[in-house]
There are 2 protein chains.
Amino acid sequence: MTERGFDAVSVDDIVAAAGVSRRTFFNYFADKESVVFDPDPDDPALWGELLGARPGGEPLWVSLREVVVGYTGACAERMILQRRVRLASPELAGCSREVADRFWDAVREWAAPRAGVDGFELELVVGAARMILHASCPYWDASAGIGGLHSLVRTGFDTFDWTRHESRTSVGS
Amino acid sequence: MTERGFDAVSVDDIVAAAGVSRRTFFNYFADKESVVFDPDPDDPALWGELLGARPGGEPLWVSLREVVVGYTGACAERMILQRRVRLASPELAGCSREVADRFWDAVREWAAPRAGVDGFELELVVGAARMILHASCPYWDASAGIGGLHSLVRTGFDTFDWTRHESRTSVGS
DNA sequence: GCTCAACTTGCACTCAGTGCAAGTTATGCC
DNA sequence: GGCATAACTTGCACTGAGTGCAAGTTGAGC
């Protein structure tokens, strides 16, 4: 797929290479996209770990930054593969959205009771974090390793610096 | 589609209702999604107008806010239709992404020479504006008109208030 | 009435994806 | 070993999206 493009590789090609039947393929993957973009089954556990590791008093914005860094660090290999496929087939741009949605749902769920922000404001903060990761990806030179992505993400978080808002919106202390 | 869901309406249904052949349908629409999500052919002109109307010295963040408000105001009818289809068929969540991409490309292109920010920072600011609109939509009660969306968008822009950054990054004055 | 271009259509085809029923394999129990 | 059962695999037939091609239709201009 990285060589020929996503469309030029049919499901028949895949099952022939894998030595299984067409039907078996669809027992395991909902569609062709899933081969590349399906989540690791123990992703949710990883997210839980990352979120659970944040210390109690940490500002939300810092937690979000560290969770994004940790997330990309742990999924680096898959991200690079997906990046290669997407580079060859730009029409797949929106493809891992669903997985990402689930990740950010988990983040929102975790953040809501901690941050004391209402629905829409929470949507905005978490949305900003997501946007920073999203904006960083095209500027990341993947061949130089995941560190480059991390520093872009940190720059992004510094640029918006939600922490200032937190002091006026947090309810805890 | 808003009643039965997107998948339950086949292209055959559409062409039967429209009184044209299947083949003719595909001469005008690249795929079934296009029926609902294709851009208006004179959208780019509208964008150009909105962007061109911004006064010279206006802070970028304010311009972006007003452009988003103007954009949603002009496309209210289509947005409401798309919202209804999406509500019935959530799997289409990422569907108008391509059109939106073109809009935000235009915004970036317009903003770059004005704002004096580099690629990544521009990506972040414009990405933030886009995220604010995106975050506002699910909280918008469409039945109450477009005004509700506008006030959510304004709240979003106030929440991040990029203007403060502008003073330290702008090159013009 | 003729010509040419634009548009429409039917047909045959490829590929994705699904439901069903039958076949195969593995497991555990007597 | 023999057997019941569940899990997995497969083939088959089908629907629906989307495309290439070649033929037919329409309409405007001369």
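Scope of the values below: all heavy atoms of this structure, side chains included, with no hydrogens, waters or symmetry mates. Naming convention: chains lettered A, B, ... in sequence-line order (proteins, then strands); numbering from 1 in each chain.
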Heavy-atom donor-acceptor pair, B/Asp13 side chain to B/Ser10 backbone, under 3.5 Å: yes
With each end axis built from five pairs of C1' atoms, what bend angle do you get for the helix from C/dG1-D/dC30 to C/dC30-D/dG1? Round to 10°. 0°
Quick check: does any side chain N or O of A/Gln82 sit under 3.5 Å from a backbone N or O of A/Val36, one acting as donor and the other as acceptor? yes
Should A/Thr24 be listed as having a side-chain N or O under 4.0 Å from OP1 or OP2 of D/dT9? no
In whole angstroms, how far is the P atom of D/dG20 from the CG atom of B/Asn27? 11 Å
Using only side-chain N and O atoms of B/Tyr28, determine if any of them is under 4.0 Å from OP1 or OP2 of C/dC7. no
Is it true that a side-chain atom of A/Ser96 and a backbone atom of A/Val99 form a donor plus acceptor pair closer than 3.5 Å? no
Tell me the side-chain hydrogen bond (donor to acceptor under 3.5 Å, both in side chains) pairs involving residues 140-152 of chain B, sequence neighbours left out? B/Thr72-B/His150, B/Asp141-B/Ser143
Compile the donor-acceptor pairs under 3.5 Å between side chains in residues 122-138 of chain B and protein atoms, sequence neighbours left out, one pair per line.
from, atom 1, to, atom 2, distance (Å)
B/Arg130, NH1, B/Asp101, OD1, 2.9
B/Arg130, NH2, B/Asp101, OD1, 2.9
B/Ser136, OG, B/Ile132, O, 2.6

Can you measure from CE (B/Met1) to NZ (B/Lys32) and round to the nearest 0.5 angstrom? 5.5 Å
Is there a donor-acceptor contact under 3.5 Å from the side chain of A/Ser34 to the main chain of A/Phe29? no
Ring pair (Phe, Tyr, Trp, His ring centres under 6.0 Å) pairs, two or more places apart, involving residues 107-133 of chain B: A/Tyr139-B/Phe120
Just by distance, do the side chain of B/Ser89 and the backbone of B/Leu92 share a donor-acceptor pair under 3.5 Å? no
Go along nucleotides 14-19 of chain D 5' to 3' and tag each nucleotide: B for a protein heavy atom under 4.0 Å from its base, S when only backbone or sugar atoms are that close, - otherwise. ---BBB
Short of 4.0 Å, heavy atom to strand atom, which residues of residues 89-101 of chain B count as contacting DNA chain C? none
One should read off an interatomic distance between B/Arg65 CZ and B/Leu60 CG, to the nearest 0.5 angstrom, of 12.0 Å
